[in-house]
2 protein chains.
Amino acid sequence: MKTILVIEDDLPLARGLVDNLRFEGLLASSAASGEEGLARLREQPADLLLLDLMLPAMSGFDVLRALPSLPAPPRVIVVSARDAEADVVRALDLGAHDYVKKPFGLSELLARVRAQLRGLLGETQADEIVFADVRVSLKRFRLWKRKKESLLSHLEVEMLRLFAAHPDEPLKRSEIIRQAWGEDAYPSERTVDNFVLKLRKKIEDDPARPRHLVTEFGHGYRFCPAG
Amino acid sequence: MKTILVIEDDLPLARGLVDNLRFEGLLASSAASGEEGLARLREQPADLLLLDLMLPAMSGFDVLRALPSLPAPPRVIVVSARDAEADVVRALDLGAHDYVKKPFGLSELLARVRAQLRGLLGETQADEIVFADVRVSLKRFRLWKRKKESLLSHLEVEMLRLFAAHPDEPLKRSEIIRQAWGEDAYPSERTVDNFVLKLRKKIEDDPARPRHLVTEFGHGYRFCPAG
DNA sequence: CGAGCCGTGACATCCGAGTGACACTCCCGC
DNA sequence: GCGGGAGTGTCACTCGGATGTCACGGCTCG
């Protein structure tokens, strides 16, 4: 599913946009300031950003300038009450892909959102995890440890994604299953052990003495990026 | 250099646009009708199309509908005096990437042109794909492997084009269908397998042990130009 | 109506998720 | 320290789903 972030300090408007985007079948969320939005994008890259220009502290232009240094910059539609041509040109040349003037027609905005998302392949979410001497491409289902390449299955990727989202935090097997397998799958808890085994063979120097995927006796497993 | 075609029946306006686009460093030309424009695009693919909606015989909407069947569809900015929201939505959903209402500010239009062309570098619609001992002419629907010639169907070409645009990246069957077949075609996912089979017979030394079109179990297929 | 193309169904084959068995390790009470 | 039971490491095996492959039917176009 495609993800969208709305950066807008007018909360009722933001909520309305998010609701409508969700109704379009998109994974939408909002942030009330540029700083908050950028922090969110750094953690959880989005495919598209709806950006207001008139924000409290950090302006929309500042946000545009900061986007290229993100791990996965989103496409951007600027939504602004500023209708001077100079503002439009400035925003577009700062990297925005489209510019919609307030007040806008909702159906036009949604059509422009569809136009921007069209042709984007797959999900652009965070597609790399890097720690120690290991690099993981979540999009390509591949893992490299010192130039040695391994293939990852769908579930291995989901588990790595989960562990990376909770570094140094013990995760119970039941929690791992719920997050990586989904709400409606109920494999045995020993299945988790098997996947930990497979992952250790791919990311540990000595799989018998793991330093990254550590057993928390009686509680589950813990991911230590630092080792 | 990036190429632009302007389809506009108001000749003075068309000339003005072409001059300004050339001043921007682009290779611009114009056509006075939809038919003429499409013919031009078929001979000489462009990177971007500026399209008027109110054309004499064939309307701009008709042109939009005809674009996908071109060998190399351009990006499209619709430039129109029709300002009803319904027209905007319709044009965007027919595949336009942006919509500018007349009368427009020239600097804004040029900024939108730059925004559309940005990031297109390297994606310029090549009409040849070359890898290993295989050469493909996308325009001629032909493929050569060591002097052995094969004919390609329309969909085979689309799939090759898609794979070539995403080397070494696993593509899901659903994505392949969406990109190669189009948004409104829903063949079975097994259809993709059949086309992979046909392509393998044409590009692999040993189709039973493919090195270029590799299966990613559970994910789809991956194109490895290097083998 | 013949040829080529697209799409589906059927069958064989392959792969990996999940299970269970067995050995080993850890914690706890003695 | 020293069992013992619970928890974990590890592996071989199974089974369902995914894929390879082919053959057939519908379709369009000349």
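Each chain gets a letter, A, B and so on, in the order the sequences are listed, and its residues count up from 1.
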Any carboxylate oxygen within less than 4.0 angstrom of a Lys/Arg side-chain nitrogen, looking at [X] and [Y]?
{"X": "Arg75(A)", "Y": "Asp98(A)", "answer": "no"}
{"X": "Glu158(B)", "Y": "Arg178(B)", "answer": "no"}
{"X": "Lys202(A)", "Y": "Glu156(A)", "answer": "yes"}
{"X": "Glu175(B)", "Y": "Lys172(B)", "answer": "no"}

### Donor-acceptor side-chain pairing of Glu85(B) and Ser107(A) below 3.5 angstrom
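Yes.
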Take the protein atom [atom1] of [X] and the nucleotide atom [atom2] of [N], then report the distance between them rounded to whole Å.
{"X": "Leu151(B)", "N": "dA3(C)", "atom1": "CG", "atom2": "P", "value": "16 Å"}
{"X": "Asp206(A)", "N": "dT10(D)", "atom1": "CG", "atom2": "C1'", "value": "14 Å"}
{"X": "Arg222(B)", "N": "dT19(D)", "atom1": "CZ", "atom2": "P", "value": "14 Å"}
{"X": "Lys172(A)", "N": "dG7(D)", "atom1": "NZ", "atom2": "P", "value": "14 Å"}
{"X": "His219(A)", "N": "dC27(C)", "atom1": "NE2", "atom2": "P", "value": "11 Å"}
{"X": "Asp193(B)", "N": "dA12(C)", "atom1": "CG", "atom2": "P", "value": "18 Å"}
{"X": "Ile177(B)", "N": "dT8(C)", "atom1": "CD1", "atom2": "C1'", "value": "13 Å"}
{"X": "Glu158(B)", "N": "dC6(C)", "atom1": "CD", "atom2": "P", "value": "11 Å"}

### Message
Given dG20(D), dT10(D), dG9(D), identify the nucleotide with an atom nearest to the side chain of Thr215(A).
### Response
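Of dG20(D), dT10(D), dG9(D), dG9(D) is nearest to the side chain of Thr215(A).
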Measure all distances between protein nitrogen or oxygen atoms and nitrogen or oxygen atoms of nucleotides 14-24 of chain C, and list the pairs falling under 3.5 Å.
| unit_1 | atom_1 | unit_2 | atom_2 | d |
| --- | --- | --- | --- | --- |
| dA17(C) | OP1 | Ser153(A) | OG | 2.9 |
| dA17(C) | OP2 | Lys198(A) | NZ | 3.2 |
| dG18(C) | OP1 | Trp181(A) | NE1 | 3.2 |
| dG18(C) | OP2 | Trp181(A) | NE1 | 2.4 |
| dT19(C) | OP1 | Ser188(A) | N | 3.4 |
| dT19(C) | OP2 | Ser188(A) | N | 2.5 |
| dT19(C) | OP2 | Thr191(A) | OG1 | 2.9 |
| dT19(C) | O4 | Asn194(A) | OD1 | 3.4 |
| dT19(C) | O4 | Asn194(A) | ND2 | 3.4 |

### Query
Think Lys201(A) has a side-chain N or O under 4.0 angstrom from the OP1 or OP2 of dG9(D)?
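It does not, given that no N or O in the side chain of Lys201(A) lies less than 4.0 Å from OP1 or OP2 of dG9(D).
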### Task
Please determine if a side-chain N or O atom of Arg173(B) lies less than 4.0 Å away from the OP1 or OP2 oxygen of dT19(D).
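It does, given that an N or O in the side chain of Arg173(B) lies less than 4.0 Å from OP1 or OP2 of dT19(D).
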### Task
Please work out if Phe141(B) contacts a base, only the sugar-phosphate, or nothing of the nucleic acid, heavy-atom cut-off 4.0 Å.
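It contacts nothing in the nucleic acid.
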### Query
Counting any heavy atom closer than 4.0 Å, what does Arg209(B) reach on the DNA or RNA strands: base, sugar-phosphate only, or nothing?
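No contact.
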### Query
Which distance, rounded to the nearest 0.5 Å, do you find between the CG of Leu160(A) and the CG of Leu143(A)?
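One finds 6.5 Å between CG of Leu160(A) and CG of Leu143(A).
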### Task
Assign each of Val196(B) and Ala208(A) to its nearest nucleotide of DNA chain D by heavy atoms, then name whichever residue's nucleotide is nearer the 5' end.
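Residue closer to the 5' terminus by nearest nucleotide: Ala208(A).
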### Task
Using the closest heavy atom to pick a nucleotide of DNA chain D for each, name whichever of Arg200(A) or Arg200(B) lands nearer the 5' end.
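Result of the comparison: Arg200(A).
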### Query
Tell me the ring pair (Phe, Tyr, Trp, His ring centres under 6.0 Å) pairs involving residues 197-227 of chain B, sequence neighbours left out?
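Found Phe141(A)-His219(B), Phe131(B)-His212(B), Phe131(B)-Phe223(B).
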### Task
Hey, could you give me each pair passing salt bridge (Lys or Arg N to Asp or Glu O under 4.0 Å) that has a residue in residues 218-227 of chain A? Not counting sequence neighbours.
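Sorted result for residues 218-227 of chain A: Glu216(A)-Arg222(A).
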### Message
Per the salt bridge (Lys or Arg N to Asp or Glu O under 4.0 Å) rule, what does the pair list look like for residues 18-31 of chain A, sequence neighbours excluded?
### Response
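For residues 18-31 of chain A: Glu24(A)-Arg114(A).
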### Message
For the helix from dC1(C)-dG30(D) to dC30(C)-dG1(D), what angle separates the axis at the start from the axis at the finish, each from five pairs, in steps of 10°?
### Response
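For the helix from dC1(C)-dG30(D) to dC30(C)-dG1(D), the axes at either end differ by 30°.
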### Partners passing salt bridge (Lys or Arg N to Asp or Glu O under 4.0 Å) against Arg146(A) (at least two apart in sequence or in another chain)
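Counting only residues at least two positions away or on another chain, Arg146(A) forms a salt bridge (Lys or Arg N to Asp or Glu O under 4.0 Å) with Asp133(A), Asp205(A).
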